Amino acid sequence: MEQLRIPGPTPLPSEVLQAMTKQMINHRGVEFGQILSGVTDKLKQLFQTKGDVFLLTGSGTGGLEAAIVNTLSPGDTVLSVSIGVFGERFAAIAGQFGAEVIPLRFEWGKAADVDAVRQALQAEPKIKAVLVTHNETSTGVTNDLASISSVVKEFDKLLLVDAISGLGSISLPVDEWHCDVTVTGSQKGWMAPPGLAMVSVSQEAWQAHSKAKMPRFYWDFTRAKSYLEKWQTPWTPAISTVFALSISLEMMLREGLHNIIARHARVAKAARDGVKSLGLPLFADESHASNTVTAVASAGGLDTKKMLQILREEHKVILGGGQQRLDGKIFRIGHLGWVTEDDIKTVISALRVALPQAGFRGGS
Ligand SMILES: Cc1ncc(COP(=O)(O)O)c(C=O)c1O
(Lines give C-alpha, C1' and ligand atoms only; values in the text may rest on other atoms or scores of the structure.)
Protein backbone atom coordinates (compact mmCIF):
# COMPACT_ATOMS: atom_id res chain seq x y z
CA MET A 1 0.00 0.00 0.00
CA GLU A 2 1.16 3.53 -0.72
CA GLN A 3 2.36 5.47 2.32
CA LEU A 4 0.95 8.96 1.80
CA ARG A 5 2.83 10.87 4.49
CA ILE A 6 2.39 14.48 3.52
CA PRO A 7 0.86 16.86 6.05
CA GLY A 8 -2.61 16.45 4.56
CA PRO A 9 -4.48 15.12 2.74
CA THR A 10 -3.94 11.93 4.69
CA PRO A 11 -4.86 8.30 4.04
CA LEU A 12 -8.38 7.45 5.16
CA PRO A 13 -9.70 4.45 7.10
CA SER A 14 -11.88 2.13 5.00
CA GLU A 15 -15.03 3.02 7.00
CA VAL A 16 -14.51 6.65 5.98
CA LEU A 17 -13.91 5.75 2.34
CA GLN A 18 -17.05 3.66 2.41
CA ALA A 19 -19.09 6.58 3.76
CA MET A 20 -18.12 8.59 0.70
CA THR A 21 -19.72 6.08 -1.65
CA LYS A 22 -23.17 6.79 -0.20
CA GLN A 23 -25.80 8.08 -2.62
CA MET A 24 -26.54 11.84 -2.52
CA ILE A 25 -29.33 13.08 -0.29
CA ASN A 26 -31.33 16.29 -0.06
CA HIS A 27 -29.10 18.78 1.73
CA ARG A 28 -32.25 20.54 2.94
CA GLY A 29 -33.89 17.33 4.15
CA VAL A 30 -34.26 15.64 7.54
CA GLU A 31 -31.51 13.06 7.03
CA PHE A 32 -28.84 15.61 6.21
CA GLY A 33 -30.02 17.74 9.13
CA GLN A 34 -29.47 14.84 11.51
CA ILE A 35 -26.00 14.22 10.15
CA LEU A 36 -25.07 17.92 10.35
CA SER A 37 -26.35 18.11 13.90
CA GLY A 38 -24.27 15.07 14.89
CA VAL A 39 -21.15 16.37 13.17
CA THR A 40 -21.51 19.79 14.80
CA ASP A 41 -21.95 18.25 18.24
CA LYS A 42 -18.90 16.01 17.81
CA LEU A 43 -16.78 18.87 16.52
CA LYS A 44 -17.69 20.95 19.57
CA GLN A 45 -16.45 18.13 21.78
CA LEU A 46 -13.18 17.85 19.89
CA PHE A 47 -12.68 21.63 19.69
CA GLN A 48 -13.53 21.69 23.44
CA THR A 49 -15.85 24.61 22.91
CA LYS A 50 -19.31 25.65 23.92
CA GLY A 51 -19.22 28.33 21.23
CA ASP A 52 -20.54 27.97 17.70
CA VAL A 53 -18.88 25.64 15.22
CA PHE A 54 -19.61 25.93 11.50
CA LEU A 55 -18.84 23.64 8.60
CA LEU A 56 -17.87 25.77 5.62
CA THR A 57 -17.49 24.14 2.24
CA GLY A 58 -14.06 25.12 1.03
CA SER A 59 -10.47 24.41 1.97
CA GLY A 60 -8.71 25.67 5.07
CA THR A 61 -7.74 28.93 3.38
CA GLY A 62 -11.45 29.71 2.96
CA GLY A 63 -11.79 29.27 6.73
CA LEU A 64 -8.95 31.74 7.27
CA GLU A 65 -10.65 34.25 4.99
CA ALA A 66 -13.88 33.69 6.92
CA ALA A 67 -12.09 34.43 10.21
CA ILE A 68 -10.81 37.74 8.83
CA VAL A 69 -13.84 39.07 6.96
CA ASN A 70 -16.29 38.19 9.71
CA THR A 71 -14.50 39.99 12.52
CA LEU A 72 -12.67 42.97 11.00
CA SER A 73 -13.26 46.17 9.06
CA PRO A 74 -11.01 47.76 6.44
CA GLY A 75 -8.47 49.94 8.25
CA ASP A 76 -8.42 47.82 11.42
CA THR A 77 -4.93 47.16 12.73
CA VAL A 78 -3.95 43.52 13.23
CA LEU A 79 -0.80 41.95 14.60
CA SER A 80 0.37 39.04 12.47
CA VAL A 81 2.50 36.58 14.42
CA SER A 82 4.19 34.64 11.64
CA ILE A 83 6.61 31.73 11.79
CA GLY A 84 6.33 30.44 8.23
CA VAL A 85 4.44 30.18 4.96
CA PHE A 86 0.99 29.87 6.51
CA GLY A 87 1.51 32.74 8.93
CA GLU A 88 2.33 34.87 5.89
CA ARG A 89 -0.80 33.67 4.10
CA PHE A 90 -3.07 34.60 7.01
CA ALA A 91 -1.53 38.09 7.07
CA ALA A 92 -1.87 38.40 3.28
CA ILE A 93 -5.60 37.69 3.47
CA ALA A 94 -6.04 40.39 6.13
CA GLY A 95 -4.04 42.84 4.02
CA GLN A 96 -6.02 42.01 0.89
CA PHE A 97 -9.26 42.96 2.66
CA GLY A 98 -7.83 46.29 3.82
CA ALA A 99 -6.51 45.59 7.32
CA GLU A 100 -3.37 47.42 8.47
CA VAL A 101 -1.08 44.49 9.15
CA ILE A 102 1.77 44.83 11.64
CA PRO A 103 4.06 41.89 10.89
CA LEU A 104 5.85 40.16 13.73
CA ARG A 105 8.03 37.59 12.06
CA PHE A 106 10.21 34.94 13.60
CA GLU A 107 12.97 32.87 12.08
CA TRP A 108 11.55 29.89 10.18
CA GLY A 109 12.04 26.76 12.25
CA LYS A 110 11.48 28.61 15.53
CA ALA A 111 8.34 29.28 17.54
CA ALA A 112 7.02 32.77 18.23
CA ASP A 113 8.56 34.51 21.22
CA VAL A 114 5.79 35.36 23.66
CA ASP A 115 7.62 38.40 25.11
CA ALA A 116 7.96 39.85 21.63
CA VAL A 117 4.20 39.46 21.18
CA ARG A 118 3.68 41.34 24.46
CA GLN A 119 6.05 44.12 23.37
CA ALA A 120 4.29 44.47 20.02
CA LEU A 121 0.92 44.76 21.77
CA GLN A 122 2.33 47.32 24.20
CA ALA A 123 3.82 49.36 21.36
CA GLU A 124 0.59 49.70 19.35
CA PRO A 125 -2.65 50.16 21.28
CA LYS A 126 -4.65 50.36 18.02
CA ILE A 127 -4.22 46.60 17.41
CA LYS A 128 -7.63 45.00 17.29
CA ALA A 129 -6.82 41.36 16.59
CA VAL A 130 -3.88 39.00 16.66
CA LEU A 131 -3.44 36.42 13.91
CA VAL A 132 -1.49 33.35 14.91
CA THR A 133 -0.70 29.91 13.51
CA HIS A 134 -1.14 27.10 16.01
CA ASN A 135 0.93 24.58 14.06
CA GLU A 136 3.10 25.93 11.21
CA THR A 137 3.00 23.12 8.67
CA SER A 138 5.71 24.61 6.46
CA THR A 139 8.39 24.45 9.17
CA GLY A 140 7.07 21.74 11.51
CA VAL A 141 6.75 24.04 14.51
CA THR A 142 3.95 24.28 17.07
CA ASN A 143 3.57 27.64 18.77
CA ASP A 144 2.99 27.95 22.50
CA LEU A 145 -0.57 29.05 21.88
CA ALA A 146 -1.60 28.89 25.55
CA SER A 147 1.03 31.50 26.45
CA ILE A 148 0.41 33.62 23.36
CA SER A 149 -3.29 33.57 24.11
CA SER A 150 -2.82 34.68 27.70
CA VAL A 151 -0.77 37.68 26.52
CA VAL A 152 -3.33 38.54 23.82
CA LYS A 153 -6.09 38.42 26.41
CA GLU A 154 -4.06 40.54 28.90
CA PHE A 155 -4.47 43.23 26.26
CA ASP A 156 -8.07 42.22 25.56
CA LYS A 157 -7.55 41.65 21.84
CA LEU A 158 -9.31 39.28 19.51
CA LEU A 159 -7.41 36.04 18.86
CA LEU A 160 -7.79 34.50 15.39
CA VAL A 161 -6.12 31.11 15.13
CA ASP A 162 -5.03 29.08 12.12
CA ALA A 163 -5.22 25.64 13.72
CA ILE A 164 -5.65 23.93 10.37
CA SER A 165 -2.96 21.28 10.83
CA GLY A 166 -3.01 21.02 14.63
CA LEU A 167 -6.54 20.92 15.97
CA GLY A 168 -7.79 17.42 16.70
CA SER A 169 -4.22 16.09 16.83
CA ILE A 170 -2.34 18.42 19.17
CA SER A 171 -3.83 19.82 22.39
CA LEU A 172 -5.86 22.97 21.76
CA PRO A 173 -8.74 23.49 24.18
CA VAL A 174 -10.42 26.30 22.29
CA ASP A 175 -12.45 27.82 25.15
CA GLU A 176 -9.80 27.40 27.83
CA TRP A 177 -7.28 29.17 25.58
CA HIS A 178 -9.79 31.91 24.64
CA CYS A 179 -9.49 31.44 20.90
CA ASP A 180 -12.06 33.69 19.24
CA VAL A 181 -12.07 32.15 15.79
CA THR A 182 -10.32 28.82 15.33
CA VAL A 183 -9.97 27.31 11.89
CA THR A 184 -9.17 23.77 10.80
CA GLY A 185 -9.56 21.70 7.63
CA SER A 186 -11.12 18.27 7.05
CA GLN A 187 -8.08 16.86 5.20
CA LYS A 188 -5.68 17.28 8.15
CA GLY A 189 -5.91 15.36 11.43
CA TRP A 190 -9.59 14.58 10.99
CA MET A 191 -9.20 11.43 8.84
CA ALA A 192 -11.52 12.93 6.25
CA PRO A 193 -11.05 14.08 2.65
CA PRO A 194 -10.53 17.73 1.66
CA GLY A 195 -13.57 19.93 1.17
CA LEU A 196 -14.53 21.41 4.51
CA ALA A 197 -13.18 24.14 6.74
CA MET A 198 -14.43 23.89 10.30
CA VAL A 199 -14.45 27.07 12.37
CA SER A 200 -15.37 27.94 15.93
CA VAL A 201 -16.70 31.36 16.89
CA SER A 202 -16.60 32.78 20.44
CA GLN A 203 -18.92 35.36 22.01
CA GLU A 204 -16.22 38.02 21.61
CA ALA A 205 -15.92 37.10 17.93
CA TRP A 206 -19.69 37.57 17.55
CA GLN A 207 -19.41 41.02 19.13
CA ALA A 208 -16.66 41.91 16.68
CA HIS A 209 -18.75 40.41 13.88
CA SER A 210 -21.65 42.72 14.63
CA LYS A 211 -19.40 45.70 13.80
CA ALA A 212 -17.21 44.13 11.12
CA LYS A 213 -17.49 45.78 7.73
CA MET A 214 -15.22 43.76 5.47
CA PRO A 215 -17.08 42.54 2.40
CA ARG A 216 -18.36 38.99 2.70
CA PHE A 217 -21.10 36.86 1.26
CA TYR A 218 -20.20 33.15 0.95
CA TRP A 219 -18.33 33.09 4.28
CA ASP A 220 -20.80 35.17 6.29
CA PHE A 221 -21.15 33.78 9.83
CA THR A 222 -24.60 35.35 10.29
CA ARG A 223 -25.88 33.33 7.35
CA ALA A 224 -24.09 30.20 8.60
CA LYS A 225 -25.70 30.59 12.03
CA SER A 226 -29.20 31.24 10.78
CA TYR A 227 -29.09 28.16 8.55
CA LEU A 228 -27.53 25.99 11.24
CA GLU A 229 -30.52 26.80 13.45
CA LYS A 230 -32.52 24.66 11.01
CA TRP A 231 -29.61 22.17 10.60
CA GLN A 232 -28.67 23.36 7.15
CA THR A 233 -25.83 25.26 5.53
CA PRO A 234 -26.51 28.41 3.50
CA TRP A 235 -24.95 26.95 0.36
CA THR A 236 -24.81 23.41 -1.03
CA PRO A 237 -22.29 21.64 1.20
CA ALA A 238 -19.67 19.05 0.16
CA ILE A 239 -22.11 16.28 1.10
CA SER A 240 -19.73 13.34 0.59
CA THR A 241 -17.11 15.00 2.75
CA VAL A 242 -19.73 15.55 5.44
CA PHE A 243 -20.64 11.83 5.25
CA ALA A 244 -16.97 10.96 5.66
CA LEU A 245 -16.43 13.40 8.51
CA SER A 246 -19.43 12.06 10.34
CA ILE A 247 -17.80 8.61 10.45
CA SER A 248 -14.27 9.83 11.15
CA LEU A 249 -15.48 11.95 14.08
CA GLU A 250 -17.24 8.89 15.52
CA MET A 251 -13.94 7.02 15.27
CA MET A 252 -12.09 9.90 16.90
CA LEU A 253 -14.50 10.07 19.82
CA ARG A 254 -14.23 6.30 20.25
CA GLU A 255 -10.46 6.61 20.48
CA GLY A 256 -10.77 9.65 22.75
CA LEU A 257 -9.13 13.03 22.29
CA HIS A 258 -6.60 12.38 25.03
CA ASN A 259 -5.50 9.13 23.36
CA ILE A 260 -5.37 10.75 19.92
CA ILE A 261 -3.11 13.51 21.23
CA ALA A 262 -0.89 10.92 22.95
CA ARG A 263 -0.72 8.82 19.76
CA HIS A 264 0.38 11.86 17.74
CA ALA A 265 3.06 12.61 20.34
CA ARG A 266 4.35 9.02 20.14
CA VAL A 267 4.31 8.91 16.36
CA ALA A 268 6.06 12.28 16.11
CA LYS A 269 8.75 11.13 18.52
CA ALA A 270 9.25 8.01 16.40
CA ALA A 271 9.65 10.27 13.35
CA ARG A 272 12.16 12.57 15.04
CA ASP A 273 14.15 9.70 16.55
CA GLY A 274 14.12 7.89 13.22
CA VAL A 275 15.36 10.94 11.33
CA LYS A 276 18.14 11.52 13.84
CA SER A 277 19.16 7.84 13.64
CA LEU A 278 19.71 8.39 9.91
CA GLY A 279 22.11 11.23 10.69
CA LEU A 280 19.85 13.97 9.35
CA PRO A 281 19.19 17.19 11.28
CA LEU A 282 15.69 18.26 12.28
CA PHE A 283 14.79 21.64 10.78
CA ALA A 284 12.56 22.76 13.63
CA ASP A 285 13.68 23.78 17.06
CA GLU A 286 13.06 20.47 18.84
CA SER A 287 11.52 22.07 21.92
CA HIS A 288 8.65 23.27 19.70
CA ALA A 289 8.64 20.45 17.15
CA SER A 290 5.22 19.65 15.77
CA ASN A 291 3.46 16.40 16.52
CA THR A 292 1.75 16.37 13.12
CA VAL A 293 4.63 17.12 10.75
CA THR A 294 8.37 16.68 11.01
CA ALA A 295 10.55 18.98 8.92
CA VAL A 296 13.97 17.57 8.09
CA ALA A 297 16.86 19.75 6.95
CA SER A 298 18.87 18.69 3.95
CA ALA A 299 22.51 17.90 4.81
CA GLY A 300 25.50 15.84 3.73
CA GLY A 301 25.04 16.39 -0.01
CA LEU A 302 21.43 15.18 -0.01
CA ASP A 303 19.38 16.10 -3.07
CA THR A 304 15.91 16.19 -1.46
CA LYS A 305 14.05 16.31 -4.77
CA LYS A 306 15.82 13.22 -6.04
CA MET A 307 15.18 11.52 -2.71
CA LEU A 308 11.44 12.30 -2.86
CA GLN A 309 11.34 10.85 -6.36
CA ILE A 310 13.15 7.64 -5.33
CA LEU A 311 10.85 7.23 -2.33
CA ARG A 312 7.80 7.70 -4.52
CA GLU A 313 8.86 5.52 -7.42
CA GLU A 314 10.68 2.72 -5.63
CA HIS A 315 9.09 2.60 -2.18
CA LYS A 316 5.60 4.05 -2.67
CA VAL A 317 6.37 6.47 0.13
CA ILE A 318 5.12 10.00 -0.53
CA LEU A 319 6.63 12.76 1.59
CA GLY A 320 6.32 16.54 1.33
CA GLY A 321 8.94 18.90 -0.01
CA GLY A 322 9.82 22.35 1.30
CA GLN A 323 7.61 25.31 0.43
CA GLN A 324 8.70 28.67 -0.98
CA ARG A 325 12.18 29.57 0.26
CA LEU A 326 12.50 26.13 1.87
CA ASP A 327 12.07 24.42 -1.51
CA GLY A 328 14.93 21.94 -1.91
CA LYS A 329 16.22 22.76 1.58
CA ILE A 330 13.96 20.58 3.69
CA PHE A 331 11.53 17.72 3.34
CA ARG A 332 8.54 16.99 5.53
CA ILE A 333 7.05 13.82 6.96
CA GLY A 334 3.35 14.18 7.68
CA HIS A 335 2.07 12.14 10.62
CA LEU A 336 -1.45 13.21 11.37
CA GLY A 337 -4.85 11.60 11.40
CA TRP A 338 -4.82 7.92 10.56
CA VAL A 339 -1.22 7.08 11.42
CA THR A 340 0.67 4.70 13.69
CA GLU A 341 4.29 4.19 14.70
CA ASP A 342 4.49 1.31 12.22
CA ASP A 343 3.76 3.70 9.36
CA ILE A 344 6.66 5.84 10.47
CA LYS A 345 8.93 2.81 10.75
CA THR A 346 8.12 2.06 7.09
CA VAL A 347 9.01 5.63 6.14
CA ILE A 348 12.31 5.55 8.03
CA SER A 349 13.27 2.19 6.50
CA ALA A 350 12.60 3.54 3.01
CA LEU A 351 14.61 6.67 3.80
CA ARG A 352 17.53 4.53 4.97
CA VAL A 353 17.70 2.96 1.51
CA ALA A 354 16.93 6.08 -0.54
CA LEU A 355 19.24 8.58 1.19
CA PRO A 356 22.58 7.30 -0.16
CA GLN A 357 21.02 6.93 -3.61
CA ALA A 358 20.12 10.63 -3.42
CA GLY A 359 23.67 11.72 -2.63
CA PHE A 360 23.56 11.67 1.18
CA ARG A 361 27.00 11.03 2.60
CA GLY A 362 26.40 11.44 6.30
CA GLY A 363 24.82 9.49 9.07
CA SER A 364 25.22 6.24 10.86
C1 LIG B 1 -1.27 25.74 8.91
C2 LIG B 1 -1.99 25.75 7.62
N3 LIG B 1 -2.69 26.83 7.27
C4 LIG B 1 -3.37 26.91 6.11
C5 LIG B 1 -3.36 25.86 5.23
C6 LIG B 1 -4.12 25.97 3.95
O7 LIG B 1 -5.14 25.04 3.93
P8 LIG B 1 -5.82 24.61 2.54
O9 LIG B 1 -4.74 24.08 1.67
O10 LIG B 1 -6.80 23.57 3.02
O11 LIG B 1 -6.48 25.81 2.00
C12 LIG B 1 -2.64 24.71 5.52
C13 LIG B 1 -2.58 23.58 4.56
O14 LIG B 1 -1.59 22.90 4.46
C15 LIG B 1 -1.96 24.65 6.74
O16 LIG B 1 -1.27 23.56 7.08
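These numbers were taken from a predicted model, which means no experiment stands behind them. Order of appearance sets the numbers: ligands from 1, and atoms from 1 within every ligand.
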Taking side chain to side chain donor-acceptor pair (under 3.5 Å) as the criterion, tell me which of Q203, K44, K225 meets it with D52.
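Answer after filtering Q203, K44, K225: K225.
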Q) When the ring planes of F54 and F221 are compared, do they come out parallel, tilted or perpendicular, using 30° and 60° as the limits? A) tilted
Would you kindly say whether H335 and T294 are connected by a side-chain donor-acceptor distance under 3.5 Å?
yes
- Message: Between R89 and T61, is there a side-chain donor-acceptor contact under 3.5 Å, judged purely by atom types and distance?
- Response: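 There is such a pair between these side chains.
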Do any side-chain atoms of residues 311-325 form donor-acceptor pairs under 3.5 angstrom with protein atoms, and if so which ones, sequence neighbours left out?
from, atom 1, to, atom 2, distance (Å)
E313, OE2, Q309, NE2, 3.3
Q323, OE1, R332, NH1, 3.2

Taking the six-membered ring of Y218, is the NZ or CZ of R223 close enough (under 6.0 Å from the centre) and on axis enough (within 45°)?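 Judged by the rule (NZ or CZ under 6.0 Å from the ring centre, within 45° of its axis), R223 is not positioned above Y218.
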Check: Name the residues with a heavy atom less than 4.0 Å from ligand 1?
Finding: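 Lining ligand 1: S59, G60, T61, F86, R89, N135, T137, D162, I164, S165, Q187, K188.
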